[in-house]
Participant: 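First, the structure itself, so that you have it in front of you.
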4 protein chains.
Amino acid sequence: MKDGDEGTGQAARPKRADARRNEESLLDAAAAVFVASGVEAPVRDIAAKAGVGVGTIYRHFPTRADLITAVYQHQIDACAEAGPRLLETSATPHAALARWIDLFVDFLVTKHGLAAVLQSDSPGFETLHSSFLDRLVPVCSELLEAAAGAGEIHSDLGAYELMRGVGNLCIGAEGDSRYDARRLVALLIAGLRQPQS
Amino acid sequence: MKDGDEGTGQAARPKRADARRNEESLLDAAAAVFVASGVEAPVRDIAAKAGVGVGTIYRHFPTRADLITAVYQHQIDACAEAGPRLLETSATPHAALARWIDLFVDFLVTKHGLAAVLQSDSPGFETLHSSFLDRLVPVCSELLEAAAGAGEIHSDLGAYELMRGVGNLCIGAEGDSRYDARRLVALLIAGLRQPQS
Amino acid sequence: MKDGDEGTGQAARPKRADARRNEESLLDAAAAVFVASGVEAPVRDIAAKAGVGVGTIYRHFPTRADLITAVYQHQIDACAEAGPRLLETSATPHAALARWIDLFVDFLVTKHGLAAVLQSDSPGFETLHSSFLDRLVPVCSELLEAAAGAGEIHSDLGAYELMRGVGNLCIGAEGDSRYDARRLVALLIAGLRQPQS
Amino acid sequence: MKDGDEGTGQAARPKRADARRNEESLLDAAAAVFVASGVEAPVRDIAAKAGVGVGTIYRHFPTRADLITAVYQHQIDACAEAGPRLLETSATPHAALARWIDLFVDFLVTKHGLAAVLQSDSPGFETLHSSFLDRLVPVCSELLEAAAGAGEIHSDLGAYELMRGVGNLCIGAEGDSRYDARRLVALLIAGLRQPQS
DNA sequence: TATGAATGAGTATTCATTCAT
DNA sequence: GATGAATGAATACTCATTCAT
C-alpha cells in the first residue's frame with residue numbers, strides 16, 4: 001500500500017526491483033558484518049562488504065538504527081508472530097510465555113552487541129526501539145495477561161519492563177562462557193510465578 | 001609506612017596531604033562527571049570539571065579503570081563488608097542474599113553506565129573487574145552457599161553469574177521511568193527459590 | 001585495468017581524475033612542508049598546507065612512510081634508472097659509480113631530514129626502506145660489481161652498506177655551511193679505490 | 001670565595017661534597033639510561049633511575065645538552081688527550097689520525113643515539129656541540145695538519161667537517177648488523193690519502 | 001541513483017618544564 | 001636545595017556524515 005501500485009500487477013517500476021535487490025544485498029552484508037564485528041561496526045565496513053559506497057547505505061538507511069531494524073525485521077516479525085501460536089499450542093500460558101521468551105533470547109544472544117544497543121537511550125535509536133519494542137511488547141503483553149488471567153502469575157510486571165530485563169540479561173552473553181543468559185532468564189521467568197518478596 | 005605514620009604527629013611529607021586532597025577532589029569531579037555523562041566520559045571533561053590538567057588525571061589514575069575503581073572503591077568496600085553482617089542479622093540466608101543484592105543494585109543503579117562498563121570484556125578493564133568482581137563475588141558466593149545450605153535455594157547458579165545478571169539488569173535503569181531494575185532483580189532472586197524449569 | 005584503460009578514450013571514472021589531481025596537490029604540499037619542516041612534520045601541517053582535512057591525507061597515504069615514498073618516488077625512479085645509463089656512458093665503472101652516488105647525494109641533501117629518517121629502524125618505515133633501498137641497492141650493487149670486475153676497487157663493501165654510509169653522510173648537510181656532504185662522500189668513494197688499511 | 005671559608009681549613013661545606021656526590025650519581029644514572037634508551041630518553045626516566053626528582057636534574061643540568069655533555073665529559077677529555085700522545089707514538093701522522101678516529105668511533109658507536117643528537121642543529125644543543133667539537137676539533141685539526149705536513153694527505157678537508165662526517169657515519173650503527181660504521185670510516189680515512197677526484 | 005572522496009570533530013596519551021612546598 | 005605534582009601543548013588517528021560528480 002504504502003509502496004503504491006502493487007495491486008496493478010504490471011511490471012510496476014523496473015527500478016524498483018533493482019533497488020530492492022540492492023537493498024537486500026545490503027542487508028545481507030550488514031547482517032554478516034554485524035555478526036563479525038557487532039552492530040556498532042563502522043559504516044564503511046558494511047559498505048565494503050556489500051560492495052557499494054557508503055552513500056548508498058545512507059540513502060537506504062539514514063540512521064544506523066534504521067539499518068539494524070531492517071536487518072532484523074524478519075526475525076522480529078517471526079518472533080511477534082510466534083506469540084499467539086505458542087499461546088494456542090502450549091500447555092499453559094506461562095509455558096507459552098517461557099517458550100516465547102526463549103525465542104527472544106535466542107534472537108538476541110546470537111547478535112553481537114544487539115542487546116546492548118537495544119537499551120541505548122541516545123536519540124536516533126528511537127527507531128530501533130520502535131521496531132523492536134513496539135512490535136514485540138504487545139505480543140509479550142498478551143502472553144503476560146494470559147498467564148495472569150490463568151492465575152499462574154500474579155505479577156503486575158509490564159511487558160516492556162520484562163522485555164527490557166530479558167534484553168539486558170542477554171548483554172555480553174556471547175563470548176563469556178561463565179555467563180549463561182538463558183539460565184538467568186529462566187530464573188526471572190520462574191520468579192514470575194510466585195509472590196513478590 | 002612512608003607516610004602512614006601520621007600518628008607520630010610530625011609533618012612527614014606535607015606534599016602528600018596536598019596531593020591526597022587533590023586526588024580526592026579529582027574523585028569527586030570524576031564521580032560527578034560519571035553521573036552526568038557516564039563512566040566513558042572524555043578524560044578532558046573530567047579534568048576540566050576538576051579544574052586540573054589532563055596530565056594530573058593520568059598521574060593519579062593511569063587507566064580509566066583505575067579511576068573508575070577509585071571512584072567507587074568506598075562503595076565496593078561497604079558492599080563487601082555488608083555481606084557477613086547481613087548473614088548474621090537476617091532471618092534467613094535467602095533474606096540476607098536478597099538484601100545484599102539490594103545493596104548492590106542501589107550501588108549500580110545510581111551510577112550511569114557503570115553496569116554497562118562492568119560487563120565490558122575489553123582488556124584494560126581487567127582492573128575494574130578485579131576490583132568489583134574479585135571483591136564482591138566471594139561475598140555473594142558465601143551468601144549463596146548459606147542459602148543453599150539452608151535448603152532455601154537449590155540452584156547451582158554461581159555467584160559470578162548471578163552478579164553479572166544483576167549487573168546487567170541494572171544497565172540503563174536510571175533515566176527510564178518505565179524500567180525498574182529493582183523489581184526485576186527481585187524476580188530473579190525469587191526465581192532462585194524454586195526448581196529450575 | 002579498472003581505470004587504466006584511458007587509451008579507449010571513454011570517460012571511465014571522472015572521479016578518478018579529480019582524486020588524482022587532488023593527490024598530486026597533496027604531494028606538492030607535502031614536499032613543500034618536508035622542505036620547510038622536515039619529513040617528520042605534523043600531519044596536520046601538511047593537511048593545512050594542502051588545504052585539505054587530515055582525513056584526506058590518511059585516505060591517500062595510510063602511513064607517513066607511504067607519503068614520503070610517494071613524494072620522492074619520481075626521484076627514486078630517476079636515480080634508479082640513471083645507474084645503467086651511467087655505466088654505459090662513463091669512462092670507467094668507478095667513474096660511473098662516483099657519478100651515480102653524486103646523484104644520490106643531490107637527492108638526499110636537498111631533502112631536509114630525509115636522510116635521517118632513512119636510517120630509522122622503527123617499524124612503519126619499512127615501506128620507506130623498501131622504496132628506497134630495495135629500489136636503489138640493486139642498482140648500486142651493479143655499479144659496485146662492475147667496478148670490482150674492472151679491478152678498480154677491490155673492496156668487499158656491500159651496496160647496502162655503502163648507501164647507508166652515503167645516506168648518513170648527508171644527514172644534516174643542508175643548513176650547515178661548514179659541512180659539505182659531497183666532499184666527504186667523494187672521499188669515501190675515493191677510499192674504495194685502494195687497499196683497506 | 002663565593003663558596004666561602006675554604007681557607008680556614010675546617011670542614012668547609014659538607015653540602016659541597018654532598019652535592020658533588022649527588023651530581024655524580026646523577027651522571028651514572030643518566031649514562032645507564034642513555035645506554036638503555038638513547039640520549040633522548042625521558043627526563044623522568046633518568047630521575048627515577050637516579051632516585052631523585054626531576055627538579056634536581058633541571059637544577060644541575062638546565063638543558064638536556066648539559067646533561068649529555070656532562071655524562072660524556074670524561075670520555076671527551078680522554079679522547080682529546082689521546083691526540084697528542086698518538087701523534088708521538090704512531091709511525092706516521094696518518095696512522096695517528098686513523099687511530100685517533102678509531103677512538104672517536106669507539107666512543108660514538110657505543111652511545112645509543114649520541115651520534116644522531118650530535119648533528120642536531122636545534123638551538124639548545126649548542127652546548128653539546130661546544131663540548132664535543134670545540135674540544136675535539138682542535139685535536140683533530142692538529143692531527144690533520146701533521147699528516148698534511150708530512151705529505152701523507154693533501155686534502156684541504158677541515159677537522160670539523162671530518163668529525164661531522166665520522167659522527168654521521170656512526171649514526172644507527174649499533175643494532176644493524178649489515179652496517180659496520182668502522183669499515184666506512186676506514187674508507188673515509190683511506191680516501192684522505194689520495195688526490196681528490 | 002550510486003559513488004566514494006573529503007571533511008574535521010573528537011579523543012587518548014606523552015612528556016618537557018615550572019613551581020609551591 | 002630537593003622534590004614531584006601539576007600543567008597543557010602537541011600529535012596521531014578514526015569514523016560518521018556530507019556532497020560533488
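Only this structure's heavy atoms are used, side chains among them; waters, hydrogens and symmetry mates stay out.
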Participant: Over how many whole Å does the gap from A/Ile68 atom CD1 to F/dA16 atom P extend?
Facilitator: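 Whole-Å distance recorded here is 12 Å.
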
Participant: Mind checking D/Val52 for me? I need base, sugar-phosphate or nothing, with any heavy atom below 4.0 Å counting as a touch.
Facilitator: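 D/Val52: backbone/sugar contact only, no base atoms under 4.0 Å.
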
Participant: D/Tyr58 OH to E/dA20 C1': how many Å, rounded?
Facilitator: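 For the pair D/Tyr58 OH and E/dA20 C1', the rounded distance is 18 Å.
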
Participant: Counting only N and O atoms by type, is there a donor-acceptor contact under 3.5 Å from the side chain of A/Thr56 to the main-chain atoms of A/Val52?
Facilitator: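 No, A/Thr56 side chain to A/Val52 backbone: no donor-acceptor pair under 3.5 Å.
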
Participant: Closest approach to the side chain of B/Arg64, judged atom by atom: which nucleotide of E/dA12, E/dT17, E/dA6 is it?
Facilitator: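 In terms of side-chain proximity for B/Arg64, the closest of E/dA12, E/dT17, E/dA6 is E/dA12.
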
Participant: Both B/Pro42 and D/Glu40 contact DNA chain E. Taking the nearest nucleotide for each, which residue is further toward the 5' end?
Facilitator: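 Looking at DNA chain E, the more 5' nearest nucleotide goes with B/Pro42.
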
Participant: What is the pairing partner of F/dA20, taking Watson-Crick or G-U wobble pairs with both distances under 3.5 Å in any strand?
Facilitator: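 Base partner found: E/dT3.
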
Participant: Does the side chain of C/Asn22 get closer than 4.0 angstrom to OP1 or OP2 of E/dA5 through an N or O atom?
Facilitator: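 Checking E/dA5 against C/Asn22, no side-chain N or O comes under 4.0 Å of OP1 or OP2.
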
Participant: Please report the shortest heavy-atom distance between A/Arg44 and A/Val54, naming the atom on each side.
Facilitator: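 Looking at all heavy atoms of both residues, the closest pair is CA-CG1, 3.8 Å.
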
Participant: Are there more than 12 heavy atoms of other residues, nucleotides or ligands under 6.0 Å from atom NZ of B/Lys49?
Facilitator: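 No, the 6.0 Å shell around NZ holds no more than 12 heavy atoms from other groups.
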
Participant: Mapping C/Asp45 and A/Val54 onto DNA chain F by nearest heavy atom, which one lands closer to the 5' end?
Facilitator: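 Residue closer to the 5' terminus by nearest nucleotide: C/Asp45.
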
Participant: Could you check how far CD1 of A/Ile46 sits from C1' of F/dA16, rounded to whole Å?
Facilitator: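 In whole Å, F/dA16 C1' and A/Ile46 CD1 are 12 Å from each other.
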
Participant: Rounded to the Å, how far apart are C/Leu67 CG and F/dA12 P?
Facilitator: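 C/Leu67 atom CG is separated from F/dA12 atom P by 12 Å.
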
Participant: Expressed in angstrom and rounded to an integer, what is the separation of C/Ile57 atom CD1 from E/dT7 atom P?
Facilitator: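 So the CD1-P distance, C/Ile57 to E/dT7, works out to 9 Å.
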
Participant: Nearest to the side chain of D/His60 - F/dA2, E/dT3, E/dA16?
Facilitator: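 Shortest atom-to-atom distance from the side chain points to F/dA2.
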
Participant: So does A/Glu126 have more than 12 non-hydrogen atoms from other groups sitting under 6.0 Å from CD?
Facilitator: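 Counting neighbours around CD of A/Glu126, 12 or fewer heavy atoms of other residues, nucleotides or ligands fall under 6.0 Å, so no.
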
Participant: When you measure from the side-chain N and O atoms of A/Thr56 to the phosphate of E/dT3, is any distance below 4.0 Å, counting only OP1 and OP2?
Facilitator: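 The answer is yes; a side-chain N or O of A/Thr56 sits under 4.0 Å from OP1 or OP2.
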
Participant: Find which nucleotide of DNA chain F each of B/Glu23 and B/Arg44 is nearest to by heavy atoms, and output the residue with the more 5' nucleotide.
Facilitator: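 It is B/Glu23 whose nearest nucleotide is closer to the 5' end.
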
Participant: Would you indicate which nucleotide in E/dA12, F/dG1, E/dA16 comes nearest to any side-chain atom of D/Arg59?
Facilitator: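 When the side chain of D/Arg59 is considered, F/dG1 is the closest of E/dA12, F/dG1, E/dA16.
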
Participant: Tell me yes or no: between the side chains of C/Thr63 and C/Asp66, is some donor less than 3.5 Å from an acceptor?
Facilitator: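 Yes, C/Asp66 and C/Thr63 have a side-chain donor paired with an acceptor closer than 3.5 Å.
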
Participant: Tell me: CG of A/Asp66 to P of F/dA16, nearest whole Å?
Facilitator: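 One finds 15 Å between P of F/dA16 and CG of A/Asp66, rounded.
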
